[in-house]
Number of protein chains: 2
Amino acid sequence: MPTTTHLRSLQALELAVRQGSLKGAADVLGITPAAVGQRIRSLEDYLSTDLLLRSRSGLRPTRELEHALTDLHTAFKALERVTETLDFQRTREIHIVADTDWAELWLVPKLADFQEENPNILFCINGIGDVPIRLGTPDLRIFSDDDGGEVLFRDLLVPITGPDNLRRLADWDPVNQMEGLPLLHLKEQIENENCPGWVDWFEKFGHRESGTDRGVHYNNARLALKAVKLNVGFMVCGLSLVLRDLQEGTIVHPFPLSQHLTAAQPYRLRLRSGAEKQPQLQKFVEWLMATAHETKEKLALNL
Amino acid sequence: MPTTTHLRSLQALELAVRQGSLKGAADVLGITPAAVGQRIRSLEDYLSTDLLLRSRSGLRPTRELEHALTDLHTAFKALERVTETLDFQRTREIHIVADTDWAELWLVPKLADFQEENPNILFCINGIGDVPIRLGTPDLRIFSDDDGGEVLFRDLLVPITGPDNLRRLADWDPVNQMEGLPLLHLKEQIENENCPGWVDWFEKFGHRESGTDRGVHYNNARLALKAVKLNVGFMVCGLSLVLRDLQEGTIVHPFPLSQHLTAAQPYRLRLRSGAEKQPQLQKFVEWLMATAHETKEKLALNL
DNA sequence: CATTTGATAAAGGTTTTCTTTGTATCAGTA
DNA sequence: TACTGATACAAAGAAAACCTTTATCAAATG
């Protein structure tokens, strides 16, 4: 009962014949041509028979090999079907459920970098992305709550507005500078005890006394931010979510950043159990932690 | 185009299902059950799906796996055929052509030790053995000539006889002790210039003057040795070939071993080119050199 | 209840396998 | 013919996969 050895050699061999070149096989396998050559040579040595007639312009199986070729193809075609059935490609996907604002304004803009490095990893974030949503536990959950998980960073909440609105401030009441100006609120800031907004900010830093809870309510930060950029008014927003906008000048912070509130909870990352063993998630989490760390440092600089 | 990874895991998986136990698969693969478990677990981790329902009494594939099982079997059955076609089993064989006497009296008796350690390696020595002879170059050639190759040891040639014959010596001519006693010759000793026999021995050490080339001729040492043990007469024989017989007392050397001739050439080992890369030959050559070294030292002790 | 058998876990070591780097060879082209 | 680009080959060191060992645990067996 001969148990097959040199499986990887056989795989390389089969591919090399199919592709007609070591290079071709190497590309498919995602390794170097030299490695493919070594795989095949090692089998040839083991059998002490030549299997491939090599030439620059294409390969040919030797007679020895030719007799085995049909079975060889059969085998690896079958294995490919196994591969598909067992859903190997799932291991190329990452499914994330996260705080909407954070996902839209922090994660997604930065994700392009990661995907450039890892074009084969597909994402599904809050149900949308490269691949359709799946049933079952997502790979990662990222929220600003106290349910545990690894801390990414704790956000700062600061007032922002469109650049044109700065002028209006200057002309205004010298004591209560914000009095009467249009406020934008996030639904969450109103409803959620732990999500500080204008009310808390005015309470702490002054600048306005009346109607601190009045103004337009937005369902999510992305829309509110859009409005801010159109100079609709003033909002209190996670600094981490708008660092780039501030840098680019599409929005401004009318008060010193020292006048900020601190988020009740940091953003935390929770990994589906078992997920830490999957290579694509290892990569992604590593990148995520590093990128979050960058943000954390930028926030610290602005204190 | 998903290229299949974890080939060995899939192999282990397939075998485990077929055998119904990790242990069974391990035995077939020639590795430990723990290793089989690891192979399969690594795939399960990679896919983050269970594939096998383990229990002491048998394994069952999970539903996930069940769908892939047909293809999995197809694949590895096909690979087995490939294996056979490419003649993997040749790599379990060692084909030796060697000096007949050396093979029969030195190699074969010692070979049992090696085969005990390596029960899967099959031998064909001078056309006979576990497997039939093959066309083409044998893996090893071992002869006492000057055609090059690695030296095993140089034999000493000494007179031997059956234990009962010693008494006859004692009663005999005090000067020419061997005069008139029955001599056994090997055909080679007569025909081959470089194969010293009685003629050369008497010439060098005396003990007999007439008819040193007379007596019975044998085609090979094994038969002659058999006759010696039956006290048929006296022969000159390679010491290495009869060390054990001397030790056991089934034969004796009537003269001090210092009265020996030296073989014209040592035994030399020549490996078929390319053979050094085959694992079974590496093992065997290593064993052979070590064992030959032992013999060499025993010969040196007897000088 | 003791024993045996088989699965599991962790640690450590070994072997494979891969990448890197540099060279040689061939086919097509100027 | 010399040049150029693509490919195969070789060797060495690095990385990853793989295996063994040892010990533990649980079910099956006597």
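Throughout, protein chains are lettered first and strands after them, A, B, ... in sequence-line order, and every chain is numbered starting at 1. Computed from heavy atoms alone, side chains included, the values below leave out hydrogens, waters and symmetry copies.
Residues forming a side chain to side chain contact (heavy atoms under 4.5 Å, CB included) with B:Gln278 (at least two apart in sequence, or on another chain): A:Ser48, B:Thr91, B:Arg272, B:Gln280, B:Leu281. In this view, B:Arg8 satisfies the salt bridge (charged side-chain N to carboxylate O under 4.0 Å, His left out) rule with no residue, not counting sequence neighbours.
In the 5' to 3' direction, nucleotides of DNA chain D lying under 4.0 Å from heavy atoms of chain B begin and end at D:dC18 to D:dA28. Think of the region where chain A sits on DNA chain C: with heavy atoms and a 4.0 Å cut, that region ends 5' and 3' at C:dT17 to C:dC26.
For the pair B:Glu44 (side chain) and B:Leu52 (backbone), a donor-acceptor distance under 3.5 Å is present.
Comparing the start and finish of the helix from C:dC1-D:dG30 to C:dA30-D:dT1, five pairs each, the helix axis swings through 40°, to the nearest 10 degrees.
Using a 30° and 60° split on the angle between ring planes, B:Trp106 and B:Phe153 fall in the tilted class, from 30° to 60°. Between A:Phe114 and A:Phe123, the angle of the ring planes goes over 60°, which puts this pair in the perpendicular group of the 30/60° scheme.
Annotation: salt bridge (charged side-chain N to carboxylate O under 4.0 Å, His left out) contacts involving residues 58-67 of chain B, sequence neighbours excluded, are absent.
Under the 4.0 Å criterion applied to side-chain N and carboxylate O atoms, B:Glu150 and B:Arg141 are not assigned as salt-bridge partners.
Within the 4.5 Å cutoff, the side chain of B:Asp139 has no heavy atoms near those of the B:Phe284 side chain. Within the 4.5 Å cutoff, the side chain of B:Asn302 has heavy atoms near those of the B:Leu243 side chain.
For the residue pair A:Ser144/A:Asp99, the side-chain donor-acceptor check at 3.5 Å is not satisfied.
Both B:Gln38 and B:Pro33 lie close to DNA chain C; mapped to their nearest nucleotides by heavy-atom distance, the more 5′-ward contact belongs to B:Pro33.
Across all strands, A:Ser21 comes closer than 4.0 Å only to sugar-phosphate atoms, never to a base (heavy-atom distances).
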